[in-house]
Amino acid sequence: GNLIAGTGRNGIAFYNGQSFSSIQIDDSPGHIHSITVDLEGNIWTGGCYTGLSMYDGQNWTLEINECKKFVMAVYAAQNGDIWAGDLDGTYRLHDGAWTECGLGKNTASSFVEDLDHNIWIGGKGLYKFNGSEFETIDSVNYYSSLVCDPEGKIWAGGTGITVFEP
């Protein structure tokens, strides 16, 4: 597969192991901050003033939803849901409809799925979604990056590194 990277000039770059290629997002003045690929191979991007966009291999579609500003994170879950976080909230695309998750402002700067398919959301606090409800893990600290290791531990980076064992 290709390595996909966001650029500082409203596009994405691909590296296939030998050479680079790139594509631009039309009419986008901002930087790409987050990229994910969904189950159908569509590339979703979020960034500063780019909003949330989807590339199907031929065309860009600007997603018209509440997530229009500075998209800090976008994530494609294994069940097909798309998650996005901007300065105003956390959003989920489920069964073709976007909903705001009610977690408040600045709550999603990172997402990860654990081995039990729970979605962890890091930002201003740390939250876990089990498919039907949110659990607050930490409402005080800021988490800018999340990863799930092969043993199922959630590694959370922010002002330090914290490991959660679900």
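Reckoned from all heavy atoms, side chains included, excluding hydrogens, waters and symmetry mates.
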Straight-line distance of I12 CD1 to S53 OG, nearest 0.5 Å
10.0 Å
In terms of ring plane angle, is the pair F134 and F129 parallel, tilted or perpendicular, where the classes change at 30° and 60°?
tilted
Less than 4.5 Å apart, any side-chain heavy atom of W155 and any of V163?
yes
Should the ring pair W98 and W44 be called parallel, tilted or perpendicular, given that the plane angle runs from 0 to 90° and is split at 30 and 60?
perpendicular
Do D138 and T136 pair up side chain to side chain, a donor and an acceptor below 3.5 Å, judged on atom types alone?
no
Under 4.5 Å between side-chain heavy atoms, counting indirect links through other Ile/Leu/Val/Met/Phe/Trp/Tyr residues: same cluster for L115 and I154 or not?
no
Between G131 and R92, what is the shortest heavy-atom contact and its length?
O-NH2, 4.5 Å
Audit row: L126, N141, side chain to side chain contact (heavy atoms under 4.5 Å, CB included) steps and yes/no
CA-CA 8 Å; L126 183 64; N141 295 301; over 6 Å; no
Heavy-atom distance under 4.5 Å between the side chains of F164 and I137, does that happen here?
yes
S144 and S110: which non-hydrogen atoms are nearest, and at how many Å?
O-CB, 3.6 Å
Just verifying a value: how many Å separate T90 OG1 and E100 CD, rounded to the nearest 0.5 Å?
6.5 Å
Kindly work out whether a path of hydrophobic side-chain contacts (I/L/V/M/F/W/Y, heavy atoms less than 4.5 Å apart) joins L146 to F111.
no
Going by atom types alone, do T162 and Y143 pair a side-chain donor with an acceptor below 3.5 Å?
no
Between Y142 and L103, is there a shared hydrophobic cluster once you connect ILVMFWY residues whose side-chain heavy atoms come closer than 4.5 Å?
no
Are the side chains of L87 and M72 in contact, using a 4.5 Å heavy-atom criterion?
yes
Would you find more than 12 non-hydrogen atoms of other residues, nucleotides or ligands less than 6.0 Å from K128 atom NZ?
yes
Strictly by modelled atom types, are N118 and D116 linked by a side-chain donor-acceptor pair under 3.5 Å?
no
Which atoms form the tightest heavy-atom contact between G123 and S109, and what is the distance?
CA-OG, 3.5 Å
Atom of L52, atom of V74 and distance for their closest heavy-atom approach:
CD1-CG2, 3.6 Å
Nearest non-hydrogen partners of C148 and V112, listed with the distance
N-CG2, 3.6 Å
I121-I82 co-clustered via ILVMFWY side chain contacts under 4.5 Å
no
Do V37 and N42 come within less than 4.5 Å of each other through their side chains, counting heavy atoms only?
no
Do C101 and W83 touch side chain to side chain, with heavy atoms closer than 4.5 Å?
yes
Drop me the distance from I119's CD1 to N130's CG, to the nearest 0.5 angstrom.
11.0 Å
Taking atom CG of D81 and atom CD of E113, what is their separation to the nearest 0.5 Å?
9.0 Å
Using a 3.5 Å distance criterion without hydrogens, assess whether the side chain of T36 forms a donor-acceptor pair with backbone atoms of A76.
yes
When every non-hydrogen atom of N16 is compared with those of Q18, the smallest separation belongs to OD1-N, 2.8 Å
